[in-house]
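First comes the structure, then the notes that go with it.
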Amino acid sequence: MDLFEKITSLAKRRGFVYPGSEIYGGFAGTWDYGPLGVELKRNIKNEFWKNMVTMRENIVGLDAAIVMHPRVWEASGHVESFADPLVECKKCHKRFRADQVGEKCGECGGEFTGAKQFNLLMETAVGVVEGSKQKTYLRGEITQGVHVNFKNVVDSTRVKIPFGIAQVGKAFRNEITPGQFTFRSREFEQMEVQFYVPRDDQKSMEWFEYWKEERKSWYESLGMRKENLRFKDHEALAHYARAACDIEYNVGDDWKEMEGIHHRGDWDLRRHQEFSKQDLTYFDDATKENYLPYVIETSGGVDRATLFFLMDAYHEEEVKEGEMRTVLKLHPKLAPYKAAVFPLLANKPELTECAQKIYKELQKSFMVTWDDRGNIGKRYRAQDEIGTPYCVTVDFDSLEKGDVTVRDRDTMQQERVKISELENYLHKKIAL
Ligand code: ATP
C-alpha cells in the first residue's frame with residue numbers, strides 16, 4: 001500500500017474523511033469530514049487565522065458570499081479562460097487533462113482525441129421563477145470576493161497600503177480528473193491573503209519573496225518536515241500573474257502543489273474597475289496620489305494542507321521486538337484531541353468518578369476524549385493512531401496522592417503530574 005492509500009484507509013476507519021454521499025455510491029470529487037477530520041481541519045484554519053490576522057496589524061479578515069454577480073467571473077477572466085485543455089481516450093473514453101498525459105492512454109493504451117477546452121466553473125441558477133432564473137457560478141476561487149470588497153474595506157477601516165485581506169472558505173471547480181483522495185476535489189476550501197502593495201516593481205517583488213518565506217515557514221512551524229517542502233517557480237504564467245511560485249509537498253514519488261504565491265499585478269482591481277465602472281483606486285496620503293495597487297496573493301488549499309499534515313505525521317514504528325504501532329505525530333496544536341483521559345480499570349467506580357471529574361474539567365479548555373475499553377496498551381495504540389499527544393491515566397495512587405500518569409505520544413515516556421497542575425501542564429506542552 002502506498003502512503004495515499006494508507007492515509008485514505010486510516011481516514012475512513014478512524015473518522016477523519018469519508019467519501020461524499022457514500023451510501024448512494026459516492027459522488028465524484030466530493031469528501032465529507034468526520035468527527036476527527038473536522039477538528040483537524042478547523043485547527044489548521046484557526047492557526048492560519050491566528051498567524052495571518054490575529055497576530056498582524058496590517059491584515060484584516062473578510063467572509064464574502066459564495067454566489068456572486070456573474071459579471072465578477074467575466075471580469076476576473078474565469079468565464080473566458082478558466083479552462084483546462086482536455087483529451088479523451090478513443091478506446092476507453094476516459095477523459096484526462098492534456099498536460100497530465102503521455103502519447104497513449106495510461107489506463108488502456110488507447111489513442112487520444114485532440115485537446116478540447118472545458119470550463120471549470122460550476123454553474124448554478126438564482127431566483128424562484130422557472131425561466132427567469134439568473135445563471136451564475138459557485139465561486140471558482142475565493143479571491144474575487146476580496147477584490148470586489150477592496151474599496152469597502154479601505155473606506156470602513158483604517159488600513160493603509162501595504163495591507164492585506166484574509167479569507168477562508170469554499171471554492172468549487174468541475175475538475176476533469178478529480179482524484180488522489182482529497183488532493184483534487186470538486187468542492188474544497190481555500191485559505192488566502194490578498195496583500196495590496198504600492199505600484200513599484202522592485203518593492204512588490206520584495207513582498208512576493210517575503211510572503212513565499214512566511215508561508216513556507218508557517219507549515220514548518222506546525223511540524224511539517226523541511227525536507228518535504230520546496231518552492232517551485234512557475235515557468236508559464238497564468239493570465240493574471242507577473243510572478244508565481246508554488247509551495248510543494250513531497251508525497252514520496254512526486255511533488256504536489258499545496259499553496260500558490262502569486263504576484264497578480266493590478267489585474268483584478270483594473271478588471272473590476274473596468275467592468276463595474278466604479279473607481280477602485282486607492283488614495284495614498286503620503287504621496288497624494290490615486291492609484292491601483294499591486295497585489296501579492298498567498299493561496300493555500302485547506303484540504304491539501306490537511307492531507308499533507310496527515311501524510312507528514314504518519315509513522316509506522318517498532319515499539320518493541322515484533323510489536324508495531326501506527327502513530328500520527330501531529331503537532332499538538334493540530335491534533336484533534338489534545339488529551340485522552342482513562343480510568344485504569346473500567347469496573348472500579350472510584351477510578352471512573354475521579355477520571356470523569358478530570359475529563360469534565362479539561363473539556364473547558366481543550367478538545368479531550370474518554371476511553372475505558374480494553375487494556376491500557378490498546379487504548380494507547382488507538383490514541384497514537386489518531387495523533388492524541390497526551391494520555392492521562394487515573395489509578396489507585398491517584399486517589400491517595402492526587403496525581404495521574406501522563407504519557408507522551410512521541411517519546412512514550414510517562415510522568416506523574418499533580419491533578420491540580422494538569423491543566424497548566426497541558427497548556428504549556430501544547431503551546432510549544
Ligand atoms: P492545480 O494546478 O493543482 O489544479 P491550481 O494551480 O489551479 O491547482 P490555484 O488556483 O492556484 O490552484 O488554487 C490555490 C490552491 O487551492 C492550490 O494550491 C490548492 O491547494 C487549492 N486547490 C486548487 N484546486 C483544488 C482542488 N481541485 N482540490 C483541492 N484543492 C485545490
Side-chain angles (χ1 to χ4, degrees), residues 4 7-8 11 17 19-20 27-33 37 41 44-45 48 73 76-78 81-86 96-101 118-122 137-147 166-194 208 211-212 215-216 218-219 224 229-249 251 254-264 267-268 295-311:
F4 262 108
I7 295 292
T8 311
V17 183
F27 198 59
T30 67
W31 298 91
D32 298 337
Y33 286 78
K41 194 157 83 142
I44 292 171
K45 289 187 282 188
F48 172 82
W73 304 107
S76 70
H78 284 80
S81 63
F82 196 41
D84 279 338
L86 174 76
F96 304 93
R97 267 168 62 161
D99 62 343
Q100 290 180 350
V101 292
F118 182 91
N119 197 291
L120 299 185
L121 281 176
M122 216 178 256
Y137 307 95
L138 300 181
R139 62 185 176 193
E141 61 178 25
I142 64 170
T143 319
Q144 298 309 322
V146 169
H147 294 308
Q167 186 174 210
V168 177
K170 293 261 186 174
F172 303 80
R173 295 181 189 175
N174 268 319
E175 295 282 359
I176 295 145
T177 46
Q180 283 196 298
F181 195 30
T182 53
F183 178 77
R184 191 175 299 288
S185 312
R186 289 188 167 141
E187 175 178 340
F188 55 94
E189 250 178 308
Q190 295 182 306
M191 45 185 173
E192 292 192 349
V193 162
Q194 303 297 318
F208 175 74
W211 283 113
K212 276 170 56 177
R215 293 305 300 148
K216 186 159 161 286
W218 180 74
Y219 290 102
M224 235 180 229
L229 291 167
R230 72 170 190 195
F231 291 126
K232 177 80 187 294
D233 288 322
H234 283 209
E235 276 147 31
L237 292 175
H239 59 271
Y240 57 77
R242 292 176 143 232
C245 174
D246 291 338
I247 298 173
E248 292 189 329
Y249 182 79
V251 295
D254 200 4
W255 290 82
K256 298 268 189 196
E257 173 180 342
M258 178 162 65
E259 170 154 345
I261 319 296
H262 309 125
H263 185 322
R264 299 175 74 104
W267 163 266
D268 305 275
V295 69
I296 310 299
E297 150 183 276
T298 70
S299 176
V302 181
D303 309 83
R304 286 191 192 176
T306 305
L307 170 62
F308 296 145
F309 274 121
L310 280 172
M311 284 180 130

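When a ligand or atom number is given, it counts from 1 through the structure's own listing order. Quick note: residue numbers are just sequence positions, from 1.
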Backbone, side chain, both or neither: what part of R97 comes under 4.0 angstrom of ligand 1, heavy atoms only?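 Just the side chain.
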At under 4.0 Å between heavy atoms, which part of Q190 makes contact with ligand 1: side chain, backbone, both or neither?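 Q190 to ligand 1: side-chain contact only, backbone stays beyond 4.0 Å.
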Under 4.0 Å from a heavy atom of [X]: which atoms of ligand 1 are those, numbered in the order shown and with their elements?
X: E259; value: 18 (O)
X: H262; value: 11 (O)
X: E175; value: 24 (N), 26 (C), 27 (N)
X: S299; value: 13 (O), 14 (C), 15 (C), 18 (O)
X: S185; value: 26 (C), 27 (N), 28 (N), 29 (C)

Taking the side chain as C-beta and beyond, is there a heavy-atom pair between [X] and [Y] under 4.5 Å?
X: Y33; Y: D303; result: yes
X: L307; Y: F4; result: yes
X: V302; Y: F48; result: no

May I ask which of R173, E257, E297, M258 has a heavy atom nearer to atom 2 (O) of ligand 1 than the others do?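 Heavy atom nearest to atom 2 (O) of ligand 1 belongs to E257.
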Salt-bridge present (R264, E192; N to O < 4.0 Å):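 A salt bridge is absent here (no side-chain N lies under 4.0 Å from a carboxylate O).
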Heavy atoms only: give me the nearest W31-S185 pair and the separation to one decimal.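 Closest heavy-atom pair between W31 and S185: CD1-OG, 3.6 Å.
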Q190 versus A171, closest heavy-atom pair with distance: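 Scanning both residues, the minimum pair turns out to be OE1-CB, 3.7 Å.
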Taking both backbone and side-chain atoms of R184, is any N or O found less than 3.5 Å from an N or O belonging to ligand 1?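 In this structure, R184 places an N or O atom under 3.5 Å from an N or O of ligand 1.
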Looking only at distances, can you tell me whether any N or O atom of G301, backbone or side chain, sits closer than 3.5 Å to an N or O atom of ligand 1?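 There is such a contact, yes.
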Have T143 and E297 got a donor and an acceptor in their side chains that come within less than 3.5 Å?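 Yes - a donor-acceptor pair under 3.5 Å links their side chains.
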